[in-house]
Amino acid sequence: MKIYKFSKEHGKKIEKYQSHLATYVKITQTNKAATIGYMYIDGEGTVGYHEAPIPQLFIVVEGEGWVTGED
């Protein structure tokens with residue numbers, strides 16, 4: 001059994017893509033192109049626009065959020 005800690009303190013600040021007040025914690029990485037992780041995005045925080053290297057799923061657990069694409 002592996003125990004995961006879901007707290008912001010275990011994460012890494014996201015500084016690429018003009019991101020602001022966002023933290024990412026990787027849970028695991030598979031042999032194929034997939035990762036499982038979570039992010040904390042503080043109020044007024046952003047993850048800057050970028051092309052994701054693999055498909056992503058965005059689930060808002062608390063508060064609200066939005067995403068944008070090329071179109």
Side-chain angles (χ1 to χ4, degrees):
M1 174 193 306
K2 181 156 180 144
I3 298 174
Y4 295 96
K5 297 190 181 212
F6 292 89
S7 63
K8 188 186 330 187
E9 292 74 35
H10 292 91
K12 181 178 179 183
K13 287 176 76 172
I14 301 170
E15 297 176 333
K16 290 183 177 181
Y17 320 115
Q18 297 177 325
S19 301
H20 180 67
L21 298 174
T23 304
Y24 175 75
V25 180
K26 185 186 324 183
I27 295 173
T28 190
Q29 184 169 347
T30 63
N31 291 331
K32 297 201 179 216
T35 59
I36 299 172
Y38 59 95
M39 250 183 242
Y40 286 92
I41 305 173
D42 294 331
E44 303 301 317
T46 59
V47 175
Y49 181 80
H50 65 283
E51 184 174 334
I54 57 176
Q56 295 181 338
L57 172 64
F58 182 61
I59 300 172
V60 178
V61 177
E62 183 177 324
E64 57 186 66
W66 53 270
V67 297
T68 185
E70 290 180 354
D71 54 359

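Owing to the predicted nature of the structure, the values given are computational and were not obtained by experimental measurement. Atoms considered below: every heavy atom in the structure, side chains included; atoms not considered: hydrogens, waters and symmetry mates.
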Engineer: Output every pair passing salt bridge (Lys or Arg N to Asp or Glu O under 4.0 Å) with a member in residues 12-25, not counting sequence neighbours, ordered by first then second residue.
Structural biologist: none
Engineer: Nearest 0.5 angstrom please: Y40 OH to E9 CD, how far?
Structural biologist: 7.5 Å
Engineer: What's the spacing between I41 CD1 and H20 NE2 if we round to 0.5 Å?
Structural biologist: 11.5 Å
Engineer: Tell me every residue that passes ring pair (Phe, Tyr, Trp, His ring centres under 6.0 Å) with Y49, counting only those two or more places apart in sequence or in another chain.
Structural biologist: none
Engineer: For G48 and S19, which heavy atoms make the closest approach, and how far apart are they?
Structural biologist: N-OG, 3.0 Å
Engineer: Applying a strict under-4.5 Å side-chain criterion to I, L, V, M, F, W and Y, I'd like to know whether V47 and Y24 cluster together.
Structural biologist: yes
Engineer: For a quick test of reading the model, state the closest non-hydrogen atom pair linking Q18 to T46 and the distance between them.
Structural biologist: O-OG1, 3.8 Å
